[in-house]
Amino acid sequence: MIELKVVRADPDRVRESQRRRGEDPTLVDALLQADEVNRGAGAAFDRLRNEQKELGRQIGPLQGKAKGADAAAVAELEGLMARAKDLSDAVKVAEDERDTADAETQRLMLALSNIIELDAPVGGEEDFVVLQEVGTPRDFAAEGFEPRDHLELGTLLGAIDVERAAKVSGARFYYLIGNGALLEFALINLAISQAVAHGLTPVIPPVLVNPPAMEGTGFLGQAAENVYRVELDDMYLVGTSEVALAAYHSDEILDAAKLPLRYSGFSTCFRREAGTYGKDTRGIIRVHQFDKVEMFSFCHPDDAVAEHQRLLAWEREFLDSIEVPYRVIDVASGDLGSSAARKFDCEAWVPTQGKYREVTSTSNCTEFQARRLSIRMREDGVVRPVATLNGTLCAIPRIIVAILENHQQADGSVNIPFALRPYLGGREKFEPIS
RNA sequence: GGAGGAUUCGCCUAGUGGCUUAUGGCGCACGCUUGGAAAGCGUGUUGGGGGAAACCCCUCGCGGGUUCGAAUCCCGCAUCCUCCGCCA
């Protein structure tokens, strides 16, 4: 959530942010009104409660005197008790009113998305700005053969089996087998060693989390329909290890001098992919379950923009090392998640689709998640929220798509990028199985 | 799944209904002392909200209840520990 003081002091800025996102700007006005009511109710409760406590302090000693059969004390006590009784009722009513007003304010606070960075391009999904293109797509026509798509290649190589996965789990599932499984392990090893080389702490987090963790990271808002819920136990399967990494330091006050704290989480990710019927039905581009190495940083809010660039650079380093053409885009305001103030995606070239497809994504969530999860820092005695940022290092299926399609040869074999070879026993290529 | 125990400030801890405005220690910060340090002494040290300020309110795992008044009594839940059962 954003800071209530900002909403009070500069409501126009928040309205503009909502507008650019294509979300409701009148939420701001509803919130301001709820806040007004809430503060009034809070002050009323405080006053009554103060009076009640003061009265309570008089009753105690008086009861001692009254026991000594002091008639005046008994009379006074009766008077005080009568007033205290009335006050008690009034306090309960005031407390209910305050709680109601507070819950409404809180509800609206949680409904507001993060304030976007003003430099982000304005518009919808198609209004992104291309920041950079790296590498050149191969000219398969010039090479004299028609490229196979990743599923055909994966099947030839004995690396991917979606037919049997459909039998076992249904649509949008897959087996990585043989070379496919080995490729995943190699990718993870490469990603983690790069992360460790940059000083990130590797983490294997839980993938089943409780409601506050999910809510705090911002995935129960507009993204809720894509989250798997384990109803019997009131838990959620994470769609990204970002959830477990962000919540790792929840309810903590970190030492500002020790920031940034950087982690790289490896976990399985689960996504319902609701509302994507008919999209990417072939292959493993859009699946319900996949493994991913994710970077996560808790940093000083003043450093967040620079940290965002750092995460982007590390994403690019990984893509460079698997030698596929890609571009970097600045995601438009209407396509940001509710937590993100700014988002950059890296999209790898997919030859058989003739276009770039998202493979990694990095978001600056500023203090939005930290407020919800209560992750703060102490700096010169002052306590304030940290900034959180996340970025994909390697989302397995899409990286596999990019590698298979971009490094394929006419005979159906696939050259292994140099950086991966050490993690595959020095092999240079995957060959079709007989 | 069953039975017991625990949960108070960064850590340890006192606290069985009203002088609790929560005790003491460790740690930490600042100061005094010192040639310098240690020790010693003094002061400060949970978060959050409201208010111009004085100050007020909330916060003793969480949620209810009893009461004029709850860290304290009652009920429910969560987490952790021990034992039993089951199990990778």
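In what follows, every chain begins at residue 1, and chains take the letters A, B, ... in the order their sequences are listed.
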Quiz item: Across the strands shown, which category fits Arg98(A) at heavy-atom distances under 4.0 angstrom: base, sugar-phosphate, nothing?
Solution: nothing
Quiz item: On a whole-Å scale, what distance lies between the C1' atoms belonging to U59(B) and U20(B)?
Solution: 15 Å
Practice problem: Can you tell me, in whole Å, how much space there is between the C1' of G36(B) and that of C12(B)? | Solution: 33 Å
Practice problem: Report yes if at least one side-chain N or O of Asn50(A) is closer than 4.0 Å to OP1 or OP2 of C56(B); otherwise report no. | Solution: no
Quiz item: Side-chain contact, heavy-atom cut-off 4.5 Å: Ile416(A) with Glu428(A)?
Solution: no
Exercise. Extract the stems that RNA chain B is part of, considering only consecutive pairing runs of at least three Watson-Crick or G-U wobble pairs, both distances under 3.5 Å.
Key: B:1-7 with B:78-84, B:10-12 with B:24-26, B:27-32 with B:40-45, B:47-50 with B:55-58, B:61-65 with B:73-77
Quiz prompt | Short side-chain donor-acceptor distance under 3.5 Å, Glu317(A) and His198(A) | solution = yes
Practice problem: List the atom of Asp35(A), the atom of Arg8(A), and the distance in Å for their closest heavy-atom pair. | Solution: OD2-NE, 2.7 Å
Self-check item: Sequence-aligned protein contact record of nucleotides 48-54 of chain B, with B where the base is within under 4.0 Å of a protein heavy atom and S where only the sugar-phosphate is
Solution: SBSS---
Quiz item: Between Lys53(A) and C58(B), does any side-chain N or O lie under 4.0 Å from OP1 or OP2?
Solution: yes
Quiz item: Judged by modelled atom types alone, do Lys292(A) and Thr240(A) share a side-chain donor-acceptor pair under 3.5 Å?
Solution: yes
Quiz item: Nearest nucleotide by nearest heavy atom, which residue falls closer to the 5' end of RNA chain B, Lys92(A) or Arg49(A)?
Solution: Arg49(A)
Self-check item: Pairwise 5' ranking along RNA chain B for Gly42(A) and Ile253(A), keeping only the more 5' one
Solution: Ile253(A)
Practice problem: Check whether the side chains of Ser241(A) and Glu294(A) place a donor and an acceptor atom closer than 3.5 Å, and report yes or no. | Solution: no
Quiz item: Is a side-chain donor-acceptor pair under 3.5 Å present for Thr360(A) with Glu315(A)?
Solution: yes
Quiz item: So, is Gln52(A) close to the G69(B) phosphate, meaning a side-chain N or O under 4.0 Å from OP1 or OP2?
Solution: yes
Quiz item: With respect to the phosphate group of G47(B), does any side-chain polar atom (N or O) of Arg378(A) fall under 4.0 Å of OP1 or OP2?
Solution: yes
Quiz item: Taking the P atom of each, how far is C74(B) from U23(B), in whole Å?
Solution: 25 Å
Self-check item: Any Ser88(A) side-chain nitrogen or oxygen under 4.0 Å from OP1 or OP2 of G69(B)
Solution: yes
Quiz item: Hey, are Glu95(A) and Lys92(A) close enough for a salt bridge, meaning a charged N less than 4.0 Å from a carboxylate O?
Solution: no
